[in-house]
Amino acid sequence: MPEELLARVKELRHLLHKWNHEYHVLDQPSVSDAEYDKALNELVRLEEENPSLQSEDSPSQRVGGAPLSVFEKVEHTTPMLSLGNAFNEEDLRDFDRRVRQGVGNEVSYVAELKIDGLAVSLRYEDGLFIQGATRGDGSVGEDITQNLKTIRSIPLRLSKPVSIEVRGEAFMPKKSFISLNEQKEELGEEPFANPRNAAAGSLRQLDPKLAAKRNLDIYVYGIGNPATTGVNSHSGGLDLLDELGFKTNNERKKCSNIDEVIEFTSSWVEKRPALPYEIDGIVIKVDSFEQQDELGFTAKSPRWAIAYKFPAEEVVTRLVDIELNVGRTGVITPTAILEPVRVAGTVVKRASLHNEDLIREKDIKLGDYVIVKKAGDIIPEVVHVLLEKRTGEEKDFLMPTHCPECNSELVRLDEEVALRCINPECPAQIREGLIHFVSRNAMNIDGLGERVIAQLFQEKLISNVADLYRLQKDQLVAMERMGEKSATNLIEAITTSKKNSLEKLLFGLGIRHVGAKAAKTLAQHFETMEKLQSATIDDLVAINEIGEKMAEAVVTYFHKPEVVHLIDELKALGVNTDYTGPKLVNVEDIDSFFAGKTIVLTGKLEILTRNEAKEKIELLGGKVAGSVSKNTDLLIAGEAAGSKLDQAKKHGVEVWNEERLVLELNK
DNA sequence: TTACCTCGAGTTCA
DNA sequence: CTCGAGGTAA
């Protein structure tokens with residue numbers, strides 16, 4: 001290989017990297033577009049002619065590589081959580097109060113624009129972009145590396161060889177959206193509904209060459225593994241991201257109190273339309289990482305951040321009808337059928353009305369003009385009726401007295417708002433139950449959607465969940481819109497689902513009060529269906545997280561003769577009924593001082609954060625409680641311990657200092 | 001709840 | 001080529 005060639009390729013890459021950064025990140029181009037394109041074309045040509053020169057971080061990657069056949073799943077190293085929402089000033093002040101209660105009054109916040117796009121994660125190793133993924137459910141997303149590489153403001157190589165995972169929001173600028181839709185219309189194609197959908201659609205293309213044409217952009221706003229970077233605050237993290245060559249959003253402000261935050265949010269309500277991209281709110285984060293750690297997380301979101309959402313767009317339309325649906329549990333849900341109307345970027349035709357009380361409370365009549373908005377900008381909601389638009393032609397809506405599907409009498413169980421069909425043979429309930437059984441969190445049978453289930457049920461090919469495992473391929477092929485290929489895939493998916501761990505089956509069965517979480521707890525504790533079937537109420541209540549209601553529901557369920565029969569059938573058909581997930585370690589089996597003990601932390605800890613301490617204790621089988629009682633085994637008293645220390649003395653509880661705790665933890 | 005992409009089925013036309 | 005289903009995102 002001629003040396004000049006190698007040198008030229010290197011030079012081109014260097015120049016293109018530099019120009020790219022100037023243009024897309026700094027917004028200060030030093031060369032014309034034509035010059036850039038010329039260099040890029042030369043590089044692409046040289047690499048094509050000399051395949052040995054190709055490289056993952058070459059700017060030539062921006063034009064899009066070979067099409068993919070599927071998106072691979074990727075597990076995020078640290079989960080991508082969603083944020084809690086604030087809809088008004090009061091919510092923000094509540095948030096501030098909670099934060100200061102946790103970490104004291106010395107708090108600064110960083111307020112940033114919340115870009116309306118798609119959350120993505122970007123992984124770099126030794127400064128090289130190696131993988132990009134969607135958020136997915138927070139822990140597992142899809143690998144969209146090839147498409148993300150076509151976004152010019154994503155650096156393929158960082159200014160320093162660090163290994164880092166960053167998070168950002170990919171979006172389509174308003175301008176690109178408008179011109180893309182103009183192009184589409186010229187070609188006679190359907191335009192995209194809004195920039196966010198356009199961006200999402202672009203990133204879901206299997207062919208990255210198409211994504212490359214879509215002019216997407218990104219703002220990077222966070223680091224997944226900040227502990228490894230040496231920075232100690234969110235604002236420091238953003239500065240680091242700038243330094244590494246990422247594009248961050250400059251419209252951010254460090255605020256020393258909540259009033260400044262509120263002023264920032266309200267100033268953007270007016271400035272929002274003038275931005276070249278869409279935003280749907282403001283994100284507020286506690287700046288200090290130490291304080292973030294101290295605040296920790298709730299089950300679904302960090303306690304140190306919140307998303308302020310701009311007031312939702314409200315639109316007037318007419319409610320033409322109310323439809324009734326029977327759910328899996330027999331609950332009757334009324335749904336408003338609306339005259340189609342555009343709200344917040346999409347056309348809304350229906351909105352759930354939840355129950356009869358809500359209809360009465362809002363005094364909704366058929367034919368009323370109503371205000372509609374999208375709560376959290378996603379779920380449509382009828383806000384209220386426009387009484388002044390009443391003509392007298394409106395009709396009262398009456399809840400039915402009988403099930404719309406099986407015509408049996410509906411009942412309202414005491415203290416419940418819902419009206420229910422309690423006929424266990426109600427076809428609607430059976431059908432919905434089957435749909436639930438195959439759904440993702442339950443048995444997860446791919447290719448079996450609502451429609452196919454409804455069709456199978458209609459044609460009496462299945463009448464309970466065991467029948468699914470009796471289906472034959474030729475029965476499927478005989479159905480409408482079901483060919484050889486689909487049928488094979490479906491049978492395969494059904495067979496695969498037999499191997500599922502017990503909790504999936506338990507959740508799928510749809511026992512009252514047993515959701516995905518409880519199903520897992522039960523499966524972990526009992527490990528086999530037989531043991532669970534013979535459990536008594538006392539056995540169940542003894543388990544943490546299982547209350548009386550749930551215990552009763554479980555016992556009642558397994559005592560029904562038809563359930564016993566169903567489970568026998570499933571077993572005979574080869575469905576696994578054992579727990580096959582990671583083994584739950586029995587607390588008594590842990591060889592640790594903390595096993596089975598209840599520990600309370602108080603005062604200011606110096607070595608560990610409160611959360612770290614809690615996690616470590618729980619890992620060793622201990623339980624961390626909030627206040628001291630006679631059941632407390634041990635109190636860890638940090639600096640300036642207060643009333644809890646007195647309480648402990650009163651109850652004769654053993655007291656340790658933090659050092660002693662750390663020693664024991666590290667044993 | 002709606003929009004978007006992808007896939008397979010079924011139809012139409014060369 | 002069109003249609004409808006499934007899966008994913010917000």
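Just so it is clear: chains get the letters A, B, ... in the order the sequence lines come, proteins before strands, and each one is counted from 1. Predicted model only: the values in this text are computed from it and were never measured.
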Choose from [options] the nucleotide whose nearest atom is closest to any side-chain atom of [X].
| X | options | value |
| --- | --- | --- |
| V452(A) | dT8(C), dA10(C), dA5(C) | dA5(C) |
| S486(A) | dG8(B), dC4(B), dA10(C) | dG8(B) |
| L206(A) | dC7(B), dT1(B), dA9(B) | dC7(B) |
| N197(A) | dA10(C), dA3(B), dC5(B) | dA3(B) |
| R451(A) | dT2(B), dT6(B), dA5(C) | dA5(C) |
| Q205(A) | dT1(B), dT6(B), dA9(C) | dT6(B) |
| R481(A) | dA9(C), dG4(C), dA10(C) | dG4(C) |
| F192(A) | dC4(B), dG6(C), dT2(B) | dC4(B) |
| I378(A) | dC5(B), dA3(B), dA10(C) | dA10(C) |
| R440(A) | dT8(C), dT1(B), dT2(B) | dT8(C) |

Counting any heavy atom closer than 4.0 Å, what does [X] reach on the DNA or RNA strands: base, sugar-phosphate only, or nothing?
| X | result |
| --- | --- |
| D446(A) | sugar-phosphate |
| A193(A) | sugar-phosphate |
| K349(A) | sugar-phosphate |
| G117(A) | sugar-phosphate |
| E381(A) | nothing |

Salt bridge or not between R196(A) and D280(A)? Use side-chain N to carboxylate O under 4.0 Å.
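No, R196(A) and D280(A) are not salt-bridged.
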Does T134(A) make a side-chain N or O approach to OP1 or OP2 of dT8(C) shorter than 4.0 Å?
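Checking T134(A) against dT8(C): no side-chain N or O falls below 4.0 Å of OP1 or OP2.
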